[in-house]
Amino acid sequence: MHMRDVHVILASASPRRKELLEKIGLNFDIIPADVAEERIAGESPAHLVMRLSELKGQSLAVKYPQALIIASDTVVSLDAKIYGKPHDGAEAFVMLSSLAGKEHTVYTGLALFWKKRRLSRYDCTRVQFRELTASVIKSYVATGEPFGKAGGYAIQGLGGFFARAIHGDYSTVVGFPVCLFGSMMEELGFPLNQLWEVSS
Ligand SMILES: Cc1cn([C@H]2C[C@H](O)[C@@H](COP(=O)(O)OP(=O)(O)OP(=O)(O)O)O2)c(=O)[nH]c1=O
């Protein structure tokens, strides 16, 4: 089957995932999955993001068995802690204070459901933050940017001022690992050139 004949569904409410997938040139529908993003005690970040991506994808795969379903999940990991999206300004402040001056790792899971196949993988990228004063963190939180972002920052936005160095795929930090997606699509039998033929 050619990519142009495939009904693609992005199971995500994340505007970043939509933008990254649009940049690749795919045509797709967006149907956010409504799953409780609960954690299991002691679960590793890699396991967590793959499990949540699968959960999000699975909830749509049962409703749209003919479609190619794409689902993702992102968390930030520092030492033994895992940070999701901050619930309020105080939590965002605590997250950013602990990221300041250190290197953390952003994990993004990616699950693809196609016909009877289900692929689940993850990618991770290390991000080094510069030192941040409490007043900088406070005024950053006041911009509202931390909300809805894992770890309480957006590298593609004002959070870019904090990221001194990154090691790995930038798109993984933003929430959709493009390079990993390409290799998973190949695994499902869709060569990369089919992906960009759809856009031309
Ligand atoms: C670290 C980081 C995260 N993020 C975002 C990507 C994700 O949207 C978000 C993590 O939240 P997720 O729970 O992965 O996703 P979501 O709730 O936004 O959307 P859905 O579950 O419907 O797919 O953090 C950035 O945009 N920039 C960054 O630098």
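Computed from a prediction, not measured in an experiment: that's the story for all the values here. Both backbone and side-chain heavy atoms feed into the values below; hydrogens, waters and symmetry mates do not. We count ligands from 1, going down the list as the structure has it; atoms in each ligand are counted the same way.
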| task | Just jot down the side chain to side chain contact (heavy atoms under 4.5 Å, CB included) partners of Pro191, sequence neighbours excluded, or say none. | result | Asn193, Gln194

| remark: Result for side-chain contact (heavy atoms from CB on, under 4.5 Å) between Val106 and one of Asp123, Val75, Val127 points to Val127

| field | Protein contact of atom 11 (O) of ligand 1 - nearest heavy atom, named by residue and atom, plus distance | value | Lys85 CD, 3.5 Å

| said: To check your reading of the model: name the closest protein heavy atom to atom 7 (C) of ligand 1, its residue, and the distance in Å. | reply: Arg17 NH2, 3.8 Å

| request: For residues Ile166 and Thr125, report the shortest heavy-atom separation together with the two atoms involved. | output: CD1-CG2, 4.1 Å

| request: Considering the heavy atoms of Gln156, write down every atom of ligand 1 situated less than 4.0 Å from one of them. | output: 25 (C), 26 (O), 27 (N), 28 (C), 29 (O)

| request: Look at atom 18 (O) of ligand 1 and say which protein heavy atom is nearest, naming residue and atom and giving the distance to 0.1 Å. | output: Ser14 CB, 3.5 Å

| Can you list the ligand 1 atoms lying under 4.0 Å from a non-hydrogen atom of Ile155? | 27 (N), 28 (C), 29 (O)

| task | Determine, considering heavy atoms only, which of Val127, Val173, Val174, Leu20 sits nearest to atom 6 (C) of ligand 1. | result | Val174

| message | Checking side-chain polar atoms at under 3.5 Å, does Arg17 have a donor or acceptor matched by the opposite partner on Thr108? | response | no

| said: Can you report which non-hydrogen protein atom sits closest to atom 21 (O) of ligand 1, along with the distance? | reply: Lys56 NZ, 2.5 Å

| Out of Val75, Val106, Thr74, Leu10, whose heavy atom is nearest to atom 14 (O) of ligand 1? | Thr74

| task | Just go through Ala163, Gly152, Ala150 and tell me whose heavy atom is the nearest to atom 24 (O) of ligand 1. | result | Ala150

| request: Name all residues meeting the side chain to side chain contact (heavy atoms under 4.5 Å, CB included) criterion together with Ser139; count only those two or more places apart in sequence or in a different chain, and write none if there are none. | output: none

| message | Heavy-atom distances under 4.0 Å decide this one: backbone, side chain, both or neither, for Arg16 against ligand 1? | response | side chain

| message | I need the nearest protein heavy-atom contact for atom 22 (O) of ligand 1: residue, atom name and distance, please. | response | Ala13 N, 2.6 Å

| Are the aromatic rings of Tyr140 and Phe161 close, with centres under 6.0 Å apart? | no

| Short list, please: which atoms of ligand 1 are under 4.0 Å from a heavy atom of Ala154? | 27 (N), 28 (C), 29 (O)

| Taking everything shown except Tyr122 itself, do over 12 heavy atoms lie less than 6.0 Å from its OH? | no

| message | Between the side chains of Lys23 and Glu19, is the shortest nitrogen-to-carboxylate-oxygen separation below 4.0 Å, so that they form an ion pair? | response | no

| request: Output yes when a side-chain donor or acceptor of Ser171 lies under 3.5 Å from a complementary backbone atom of Phe176, and no otherwise. | output: yes

| field | Those atoms of ligand 1 less than 4.0 Å from some heavy atom in Asp73 | value | 12 (P), 13 (O), 14 (O)

| said: I need the atoms of ligand 1 closer than 4.0 Å to a non-hydrogen atom of Gly148, numbered in the order shown. | reply: 9 (C), 24 (O)

| request: May I ask you to check if ligand 1 and Val76 share an N or O to N or O distance below 3.5 Å? | output: no

| request: Find out whether Glu43 and Ile82 are in side-chain contact, i.e. whether some heavy atom of one side chain is under 4.5 Å from a heavy atom of the other. | output: no

